[in-house]
Visitor: 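Got a structure here, written out as structure tokens. Questions coming.
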Amino acid sequence: MEGSGSKRVHLFATCLADAFFPESALAAGEVLEDAGFQVGVDPRQTCCGQPAMNLGHREEARVLALRTMALYEGDMGDEGEQGKDREDREDGEVVEGGQGLPVIVPSGSCAAMMKIHYPELFPEGSRERERAERFALRVQEWSRFLVRAGYRPPRAPGMLSAVTLHPSCHGLRELGVREEPRRLLEQAGYPIVELPRATECCGFGGAFSVRMPEMSGAVLRAKLANIGKAQRGGAGTVASLDAGCLMHMRGGHEAQAGCSEGEKGCPRYRHVSQLLASVVRARSGTGGKGAVRHETQGEG
Amino acid sequence: MDPLRRRAAQGLKDLVVQRAVPVSTRRAVDKQQAAWEAFGVAQAYRGHAQALRRHTLSRLDHYLVAFEKRAREGGVQVHWAATREDAREAVDGVIKRVGARLVVKGKSMVSEELGLLEHLQGQGVEAWETDLGQFIVQLSGRGPSHLTAPAIHEDAKSVQALFRRELGLEVDGDPHALAAAARDVLRERFLRADVGVMGANFLVAESGRMVVVENEGNIALSSLMPRVLVVVAGIEKVVPRERDVPVFLELLARSATGQKLTTYTHWIQGPIVEEEVGYQEGPEEVHLVLVDAGRSRMLADEVGRYALDCIRCGACLNVCPVYQGIGGHAYGAVYPGPIGAVTWPWLEPGPDSARLPMASSLCGACEEVCPVGVPIPKLLLHLRAKAVDERAYSGLGLERLFVKGFAWSVGGPGRMEAARRVFRVLMSPLVRRGSANRLPPPLAGWTKHRRFPQPANRSFRSLWKKKKRQEREGSDR
């Protein structure tokens, strides 16, 4: 990894992680730091607007999109000048200066919303669309950013419990994130048990799970049955790149099996960030107890 | 509960559907996958096919007129039907003029749109579906639940019971025996039929020929044995040239059933003229009813039109996790599944069809498997926004309030913090080990099937701030 000089990135946690699974965003930030990046967390960040867009409320989605972009454009002034000074390259490696830093997102669906859907929210030829197209270049899904940056996670010295990987749909199909989480986990030393029919959706779909709970529940049941097979194949943890999927699968598993995480019958559900962070912490001696042998929930 | 949710719940409770659909769809997915991987040039064909479809639809008026000219020259009698009613009338006209009493039908989704089977029966004409799957659904009094596998929601046992009940036949519950029994029933109808009615897969503008694919031989018998043949086809079925057809044929069978090609591929043109060749073979009259019935309205929509690229393979239904779970009848539409959700709202606008685009988690498996790359998730989002803008069904008004409330609460960091705290506090009495199993609406549906987590004690932003403060204090020492 080129390490000369610190590189700065923004971390956009997503509203779901911020409010429900802060430990996964915390872990995402820690791993970015381990990779040598200086991580900025703009305290004004909230939501990318995906739920509004998914439900067909484009106006509300536009408002949230403009708000989100404005946080990272950091521009109160002349945008033309910023544009001249910035070098935007597709993978977001840019010069420093507060403008044009990569915006790293530990969620395939939120990253896709910002990279692919933001421009589509605005009329062709409009200034907003131009802004969105420029912004889209800077947005990177977290695991892909790390792999492209050449990051190798530390390898855990001991035995790690096996993990089965659920490839979240938006990251997989909208962004093509397929090998990255697997590679990072394997490099860290996590044995991987294949999830049968892994690319089948978990049924979350954001607003879909609230609007069409019966359909969502049926899809979830099929996913949980496959997770059960992976469990019997030795996996104690289900890993994913999206907090929404994790929330959905964990909630369903607990309801179905009547147990809580870590208890017999219930696997742990973890963001890939948490699995990597626990290895990072163990290496730097800041891990909680059992950080190497079992993955722990993490502080907070 | 909204009617779509109610039907989904019914599909989930239907033991036969649950025995058949999850297994059959996945088997079809595996076959499609294997065929696709073995077809080394699949992606190239897919790109070419998409380009052909988009080109054709951008000049549909030209190609339709060209097709009609050639078809007429070949002896096909072409009828234009702007509406479903026009289409039914055109078919009626032929039926009445030739005094038909028995019609044999090939599988045609357009004919389902027209309700043609019931319509003919209503006119006192005996009409039999000859595709085995359609034959089965006809006996059960329902429509097909899939584009290419009409009876995918049934299994051998249920079909055995159906044959016993509706045909008075006692047959082994084995697929071969059941097919043989159906063949016996239908063979006699083929021989007696006055008119054959079917759909077409492709209409070739260059030659005026119609292409119909099949596996069972029922199209062969329905098109060749009766004196009169009537084909009904949507206007989007046109392809420009003869040499374009194989591009689609290579993709269609692989996507639908995992075959390289269907068992039969028919190229149909006008009737053989006895005076010219000295013998009579096949029908004496060949008719084509070109059906619009909402397609030009789809075409006029800049985004909606991409759904017309579809070549009706059914792969998106097979791969859709929602379809796999609830089956096709739950959609309550002639065209179910992903392609149905972005087609039916155009062909039959109304509150029922307007709900269909919400029957999706937007996982994108449909677009991924589609042999012509129909961008179904994009179309779903487009139609969801359209439904909201038009207040297309009840409940959207209330939902708008929720969305505005959500947007307000994430409109600023302070509000989001406050919302999290309030939600956490309100949930507390119901929380055990970090989650609740029963929440009030709008989360009541969620908690019927899964536990809902309590918001965290501290937000990520607050935790990060604390971490940075600790690091600073640590490094100051």
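Below, chain A is the first sequence line, B the second, and so on; all start at residue 1.
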Visitor: Check whether A:Met53 gets within reach of chain B through its side chain, its backbone, both or neither, counting any heavy atom under 4.5 Å.
Guide: both

Visitor: Let me know if B:Ser459 has heavy atoms under 4.5 Å from chain A in its side chain, its backbone, both or neither.
Guide: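 Looking at B:Ser459, backbone and side chain both touch chain A.
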
Visitor: Run the numbers on B:Leu463 and A:Glu23 for side-chain contact (heavy atoms from CB on, under 4.5 Å), then give the verdict.
Guide: CA-CA 9 Å; B:Leu463 288 176; A:Glu23 59 272 17; 5.8 Å; no

Visitor: Take B:Arg432 and A:Glu254 through the test salt bridge (Lys or Arg N to Asp or Glu O under 4.0 Å) and record every step on the way to the result.
Guide: CA-CA 11 Å; B:Arg432 298 279 170 278; A:Glu254 291 180 343; over 6 Å; no

Visitor: I'd like to verify something: which residue of B:Cys320, B:Ala330, B:Ala365 has the highest number of heavy-atom pairs under 4.5 Å with chain A?
Guide: B:Ala365

Visitor: List the atom of B:Pro413, the atom of A:Pro43, and the distance in Å for their closest heavy-atom pair.
Guide: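 Where B:Pro413 meets A:Pro43 most closely, the heavy atoms are CB-O, 3.4 Å.
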
Visitor: Shorter than 4.5 Å, heavy atoms on both sides: which option in A:Gly49, A:Cys169, A:Gly251, A:Ser168 has the most such pairs with chain B?
Guide: A:Gly251

Visitor: Take B:Lys404 and A:Glu59 through the salt bridge (Lys or Arg N to Asp or Glu O under 4.0 Å) test and state the conclusion after the steps.
Guide: CA-CA 10 Å; B:Lys404 282 197 181 310; A:Glu59 200 37 56; over 6 Å; no

Visitor: Evaluate the side-chain contact (heavy atoms from CB on, under 4.5 Å) criterion for residues B:Leu4 and A:Met212: first the C-alpha distance (whole Å), next the side-chain angles of each, then the deciding distance (0.1 Å), finally the verdict.
Guide: CA-CA 9 Å; B:Leu4 179 53; A:Met212 295 292 177; 3.7 Å; yes

Visitor: Side chain of A:Arg67, backbone of B:Gly411: donor and acceptor closer than 3.5 Å?
Guide: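 Pair found, side chain donor or acceptor close to backbone of B:Gly411.
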
Visitor: Check whether B:Arg461 reaches the backbone of A:Asp18 with its side chain - one donor and one acceptor, N or O, closer than 3.5 Å.
Guide: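 Looks like no, no N/O pair under 3.5 Å.
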
Visitor: Given a strict heavy-atom distance threshold of 4.5 Å, which part of B:Phe423 is in contact with chain A: side chain, backbone, both, or neither?
Guide: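 Only the side chain of B:Phe423 comes within 4.5 Å of chain A.
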
Visitor: Heavy-atom pairs under 4.5 Å with chain A: which of B:Ala359, B:Gly11, B:Ala8, B:Ala419 has the most?
Guide: B:Ala359

Visitor: CZ of A:Phe208 to OG of B:Ser360: how many Å apart, nearest 0.5 Å?
Guide: 6.5 Å

Visitor: Do A:Glu263 and B:Arg433 have side-chain heavy atoms sitting under 4.5 Å apart?
Guide: yes

Visitor: When you compare the side chain of B:Arg400 with that of A:Leu55, does any pair of heavy atoms fall below 4.5 Å?
Guide: no

Visitor: What option among A:Ala255, A:Pro213, A:Ala207 has the most heavy-atom pairs under 4.5 Å with chain B?
Guide: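 Top option by heavy-atom pairs under 4.5 Å: A:Pro213.
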
Visitor: Donor-acceptor pair, distance only, cut-off 3.5 Å: does the side chain of B:Ser361 make one with the backbone of A:Gly205?
Guide: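 Side chain of B:Ser361 to backbone of A:Gly205: no pair is present.
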
Visitor: At a heavy-atom separation under 4.5 Å, does A:His248 approach chain B through its side chain, its backbone, both, or neither?
Guide: both

Visitor: Could you look at A:Leu11 and say if it's the side chain, the backbone, both or neither that has a heavy atom under 4.5 Å from chain B?
Guide: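 The side chain, not the backbone.
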
Visitor: Check B:Leu12 against A:Ala218 and note the closest heavy-atom contact, atom names and distance.
Guide: CD2-CB, 3.3 Å

Visitor: Is the shortest side-chain heavy-atom distance between B:Leu362 and A:His170 below 4.5 Å?
Guide: yes

Visitor: With a 4.0 Å cut-off, would you call B:Lys468 and A:Glu33 a salt bridge?
Guide: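 A:Glu33 and B:Lys468: salt-bridged.
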
Visitor: Measure the shortest side-chain to side-chain distance between A:Cys201 and B:Pro321 over non-hydrogen atoms and say whether it is less than 4.5 angstrom.
Guide: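 Touching, per the 4.5 Å side-chain cut-off.
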
Visitor: Strictly less than 4.5 Å between heavy atoms, which residues of residues 381-389 of chain B line up against chain A? Please order them by number.
Guide: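 Residues in range: B:Leu381, B:His382, B:Arg384, B:Ala385, B:Val388.
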
Visitor: Rounded to the nearest 0.5 Å, what separation is found between the CZ atom of A:Arg211 and the CG atom of B:Asp2?
Guide: 7.0 Å

Visitor: List the steps, then state whether side-chain contact (heavy atoms from CB on, under 4.5 Å) holds for B:Met358 with A:Asn54.
Guide: CA-CA 9 Å; B:Met358 275 314 297; A:Asn54 279 2; over 6 Å; no

Visitor: Does any backbone or side-chain atom of A:Val39 lie under 4.5 Å from a heavy atom of chain B? Answer side chain, backbone, both or neither.
Guide: both

Visitor: When heavy-atom pairs shorter than 4.5 Å are enumerated against chain A, which of B:Lys467, B:Lys378, B:Arg26, B:Gln454 gives the highest number?
Guide: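 Looking at each option in turn, the highest pair count goes to B:Arg26.
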
Visitor: Any idea which of B:Glu367, B:Arg420, B:Met416 has the most non-hydrogen atom pairs under 4.5 angstrom with chain A?
Guide: B:Met416

Visitor: Which atom pair, heavy atoms only, marks the closest approach of B:Val403 to A:Ala52?
Guide: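 Closest approach of B:Val403 to A:Ala52, heavy atoms only: CG1-CB, 4.2 Å.
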
Visitor: Restricting to non-hydrogen atoms, name the atom on B:Phe460 and the atom on A:Ala13 that form the minimum distance, rounded to 0.1 Å.
Guide: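 Shortest heavy-atom contact: CD2-CB, 3.3 Å.
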
Visitor: Non-hydrogen atoms of chain B under 4.5 Å away: do they reach the side chain of A:Gln45, the backbone, both or neither?
Guide: both

Visitor: Just one of B:Arg7, B:Met1, B:Arg6 clears the side-chain contact (heavy atoms from CB on, under 4.5 Å) bar with A:Glu214, so which one?
Guide: B:Met1

Visitor: So what's closer than 4.5 Å to chain B heavy atoms on A:Ser24: side chain, backbone, both or neither?
Guide: neither

Visitor: I need the residue from A:Ala222, A:Ser216, A:Cys202 with the largest number of non-hydrogen atom pairs under 4.5 Å to chain B.
Guide: A:Ser216

Visitor: Counting only non-hydrogen atoms closer than 4.5 Å, does B:Val319 touch chain A with its backbone (N, CA, C, O), its side chain (CB onward), both, or neither?
Guide: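 Contact with chain A: none, neither part.
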
Visitor: Let's go through A:Leu26 and B:Trp464 carefully: what are the C-alpha distance in whole Å and the side-chain angles of both, what is the deciding distance for side-chain contact (heavy atoms from CB on, under 4.5 Å) to 0.1 Å, and is it a yes or a no?
Guide: CA-CA 7 Å; A:Leu26 195 68; B:Trp464 187 263; 3.9 Å; yes

Visitor: Quick check: under 4.5 Å, non-hydrogen atoms only, which of residues 445-453 of chain B neighbour chain A?
Guide: B:Gly445, B:Trp446, B:His449, B:Arg450, B:Arg451, B:Phe452, B:Pro453

